[in-house]
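These notes concern the structure reproduced below.
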Number of protein chains: 2
Amino acid sequence: MASLTIIDIAKICGVGVTTVSRAINNHPDISEETKAMIMKVVKENNYVPNNSARNLKRTDSKTIAVLIKGMNNPFFIKMIDLFEKGIQKKKYSFILHRVDEHQDEIDVANELVKEKKLKGIIFLGGYLSHSKEKLEQLMVPYVLCTVGLSSEFDNYNYSYVSIDDYAESYKMVDYLCKLGHKRIAIISASMRDRSIGQLRYLGYKQALEDHGIALDEQLIRPMKEHLESYSMENGYAVTKEMIDEGVEFTAIFAISDSMAIGASKALLEAGRMIPDHCSVAGFDGLDMAYYYHPSITTIKQPISEIAEEAIRILFDLIHKKTTHVQKKFPAELIERASTGTMK
Amino acid sequence: MASLTIIDIAKICGVGVTTVSRAINNHPDISEETKAMIMKVVKENNYVPNNSARNLKRTDSKTIAVLIKGMNNPFFIKMIDLFEKGIQKKKYSFILHRVDEHQDEIDVANELVKEKKLKGIIFLGGYLSHSKEKLEQLMVPYVLCTVGLSSEFDNYNYSYVSIDDYAESYKMVDYLCKLGHKRIAIISASMRDRSIGQLRYLGYKQALEDHGIALDEQLIRPMKEHLESYSMENGYAVTKEMIDEGVEFTAIFAISDSMAIGASKALLEAGRMIPDHCSVAGFDGLDMAYYYHPSITTIKQPISEIAEEAIRILFDLIHKKTTHVQKKFPAELIERASTGTMK
DNA sequence: TTGTATGCGTTATCAC
DNA sequence: GTGATAACGCATACAA
């Protein structure tokens, strides 16, 4: 059964295609009764308009796309909800599009812009490593949201919203130092990372330096590349390895809550108490950090603020109320049961 | 700047549009050199074909869509990865589409089928409560994957892959009973639930009955409707309420791992030891159940098997190698530290 | 209030 | 190996 087109419906109803189109799209210039009649036929025959044809014909379209890279990040899931609600509130429709690990998000974006006649884009996650030229290919307003950015990008002309990963990481390590810890291990990203992983590592490094603590290679532990990045499993593996090697440390700073939980598990399993034998700190402020036992000290990202601001900026860009805004939100260090003073 | 079309490229290259199309789509009937020349121009001008126009014209398309309802379920995230890999391995392309809570997944599916010329669909999550007629509207092979199904659906003609929620729930409660527990609380879904929530509840009920334990209304605790369903927060709230009310129980069976973790937190916070004072059991087999301390006893869903089988069935349907397959996988009860014998 | 005709950007058909 | 042209299904300017 070949599927129905608007022409079929028009024939069945004995009207012109325009009239059917008007009925479907709630146009004003149509009498209530013909509209009702047409809609009845549409329902009965289960007619669904072809979006490709629609998009092809359309010029505008009031839709915003959120491009997400790295869906395994539970952090993003919440954000997606916020985006959806925020965008719907503006009477725009919302498309979520997942970008593959090895895909180029700019290319994907350009494809979508043409296909869906997008009004704006929000990039969520991923590591933006594009040249200025590449970014300028995007002919539609966009906002980078918690996208890892090398500092070299700071002078580019684009908008972004995120936290200051360097400063927040510094804040956490500074806090641990002030608790009296001197041997603070970090579960970091790969040393090749040029994104948030690097920034968080640099914050760690600087804080130690400012406290007069020498960097110890043994305590710098990049996550395992063969395991899922930022996962509990990874935090567990790295910590277990440290323990097995007999490395001494009194605190672990994991650059994500998930890894902090994995680290905690490894410690507890080895019979070490948290925080009596070892303090554990995470990053992100996920629910699970709170519900873990002991509750994990973390840096809580202001998710709602970030999402709302991203939407605000995007719509300002769309309405040409602004050029570019680069905003870093302060995050909160939440002291919980997993960290304590060094005895 | 109006964006380029295939005609512009053809003009620039001094060739016909057909030739450009052939170059872009790797058609055989084109000389290597003209192809190279065209591709060069395409790159230089940053031309991106319009997918709407493509889809409109195309007849086939080798693409499979995964429709997901309820993205907050961490369980699904893993599955999506498996689907993507499996579908790519079959040389099909993969579309992930999120279905809104209040949207009808069948309607959404039909829209996508028309728009993208889908070859098949996998429904992930959600509660299928459609009439037979509605399901039959789908003119494309599809597989329901861990979609909650009322038992009344059993005779319908469709394919699905999942675990036997009733039997697995029974297994867990039976296990708790055999540990000597008599006052087993359940953190269940809403009593209006007609999906997995209901099945898991019925398993609980039957197991108690078979052990000669009377149902106690005080121990049946539907999750809070004003909180996110199946969330840690919800498990926490429900358990805290039970504790505050002074209800007596020696075990809690939460119908999701997340809620089990929330429940554990409430218990530990109240000074109750797990499992000495109270056993806790979850459902799903998420990583976090293992990494929680104490590790939580759970029913582990065979995610990979489910995903692989779903793909296998879908492609069999596409190639007409089968009619309908309804497969329930056995899940594994993993005994961990959160459950113990009743003293 | 309704219908007819055109074009959106691409691919498929067919002729060269 | 290449190019002109007709669809694909819809929305819209314009005519009625």
Side-chain angles (χ1 to χ4, degrees), chain A residues 1-39 41-42 45-63 110-118 139, chain B residues 1-39 41-42 45-63 110-118 139:
Chain A
M1 159 208 139
S3 71
L4 297 174
T5 76
I6 197 171
I7 300 178
D8 300 317
I9 301 295
K11 277 184 189 147
I12 297 173
C13 296
V15 300
V17 285
T18 312
T19 311
V20 177
S21 177
R22 277 196 268 258
I24 293 170
N25 298 297
N26 283 315
H27 274 268
D29 286 349
I30 184 172
S31 75
E32 277 306 324
E33 60 183 331
T34 41
K35 179 169 172 180
M37 182 268 284
I38 291 171
M39 291 315 280
V41 174
V42 165
N45 295 72
N46 189 34
Y47 164 70
V48 178
N50 182 320
N51 269 321
S52 290
R54 287 185 138 168
N55 292 327
L56 186 57
K57 187 68 187 150
R58 265 200 246 280
T59 47
D60 66 325
S61 95
K62 299 194 56 150
T63 111
N110 270 323
E111 235 177 88
L112 272 176
V113 168
K114 286 214 181 181
E115 178 175 350
K116 305 283 190 181
K117 306 281 194 303
L118 297 183
M139 302 311 302
Chain B
M1 157 209 138
S3 72
L4 297 174
T5 75
I6 197 170
I7 300 178
D8 299 316
I9 300 295
K11 278 184 188 146
I12 296 173
C13 295
V15 300
V17 286
T18 312
T19 310
V20 178
S21 178
R22 277 195 270 256
I24 293 170
N25 297 296
N26 285 315
H27 274 269
D29 287 349
I30 184 172
S31 76
E32 279 305 323
E33 58 182 332
T34 41
K35 179 169 172 180
M37 183 269 284
I38 291 170
M39 290 316 280
V41 174
V42 165
N45 295 73
N46 189 35
Y47 163 71
V48 178
N50 181 320
N51 269 322
S52 289
R54 285 185 138 168
N55 291 328
L56 185 57
K57 187 60 191 166
R58 265 202 246 280
T59 46
D60 67 325
S61 92
K62 297 192 57 148
T63 112
N110 269 323
E111 238 176 87
L112 273 177
V113 168
K114 286 215 180 178
E115 179 175 349
K116 305 284 190 181
K117 306 280 194 304
L118 297 184
M139 303 310 302

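The figures here come from the full heavy-atom set of this structure, side chains too, leaving out hydrogens, waters and symmetry mates. This structure is a prediction, so every number in the text was calculated from the model and none was measured.
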Bend of the helix from dT1(C)-dA16(D) to dC16(C)-dG1(D) from end-axis comparison, five pairs per end, nearest 10°, comes to 40°

When you compare the side chain of Met37(A) with that of Val15(A), does any pair of heavy atoms fall below 4.5 Å?
yes

Could you state the interatomic distance from CG (Asn110(B)) to NZ (Lys114(B)), rounded to the nearest 0.5 Å?
8.0 Å

If only side-chain N and O atoms count, and only distance matters, is there a donor-acceptor pair under 3.5 Å linking Asn51(A) with Arg58(A)?
no

Interatomic distance, Ser52(A) atom OG to Asn55(B) atom CG [nearest 0.5 angstrom]:
4.0 Å

Close side-chain approach of Ile7(A) and Val20(A), heavy atoms under 4.5 Å
no

As an exercise, state the distance from CG of Leu118(B) to CG of Asp60(B), rounded to the nearest 0.5 Å.
12.0 Å

Strand-adjacent residues in residues 47-54 of chain B, judged by heavy atoms under 4.0 Å from DNA chain D:
none

With a 4.0 Å heavy-atom cut-off, tell me which residues in residues 12-24 of chain A come close to DNA chain C, sorted by residue number.
Gly14(A), Val15(A), Gly16(A), Val17(A), Thr18(A), Thr19(A), Arg22(A)

side-chain hydrogen bond (donor to acceptor under 3.5 Å, both in side chains) with Ser31(A): which residues, sequence neighbours excluded?
Thr34(A)

Could Glu111(A) and Lys116(A) be called an ion pair, given the rule that one side-chain N must be under 4.0 Å from one carboxylate O?
no

Mind checking which nucleotides bracket the chain B contacts on DNA chain C, 5' to 3', with an atom under 4.0 Å from a heavy atom?
dG9(C) to dT13(C)

Give me the atom names and distance for the closest heavy-atom approach of Lys117(A) to Thr59(A).
CD-O, 3.8 Å

Taking the side chain as C-beta and beyond, is there a heavy-atom pair between Asn26(B) and Lys35(B) under 4.5 Å?
yes

So what does Asn55(A) touch, heavy atoms closer than 4.0 Å: a base, only the sugar-phosphate, or nothing?
nothing

Close side-chain approach of Val42(A) to Ile9(A), heavy-atom, < 4.5 Å:
yes

By nearest heavy atom, map Lys114(B) and Lys35(B) onto DNA chain D; which one lands nearer the 5' end?
Lys35(B)

To the nearest 0.5 Å, what is the distance between OG1 (Thr63(B)) and CG (Leu112(B))?
8.5 Å

Applying the side-chain contact (heavy atoms from CB on, under 4.5 Å) test to Tyr47(B), which of Val41(B), Ile6(B), Ile12(B) qualifies?
Ile6(B)

Identify the 5'-most and 3'-most nucleotides of DNA chain D with at least one atom closer than 4.0 Å to a non-hydrogen atom of chain A.
dG9(D) to dA13(D)

Let me confirm one number: the OG-NE2 distance from Ser21(A) to His27(A), rounded to the nearest 0.5 Å.
5.5 Å

Rounded to the nearest 0.5 Å, how far does CG of Asn45(B) lie from SG of Cys13(B)?
8.0 Å

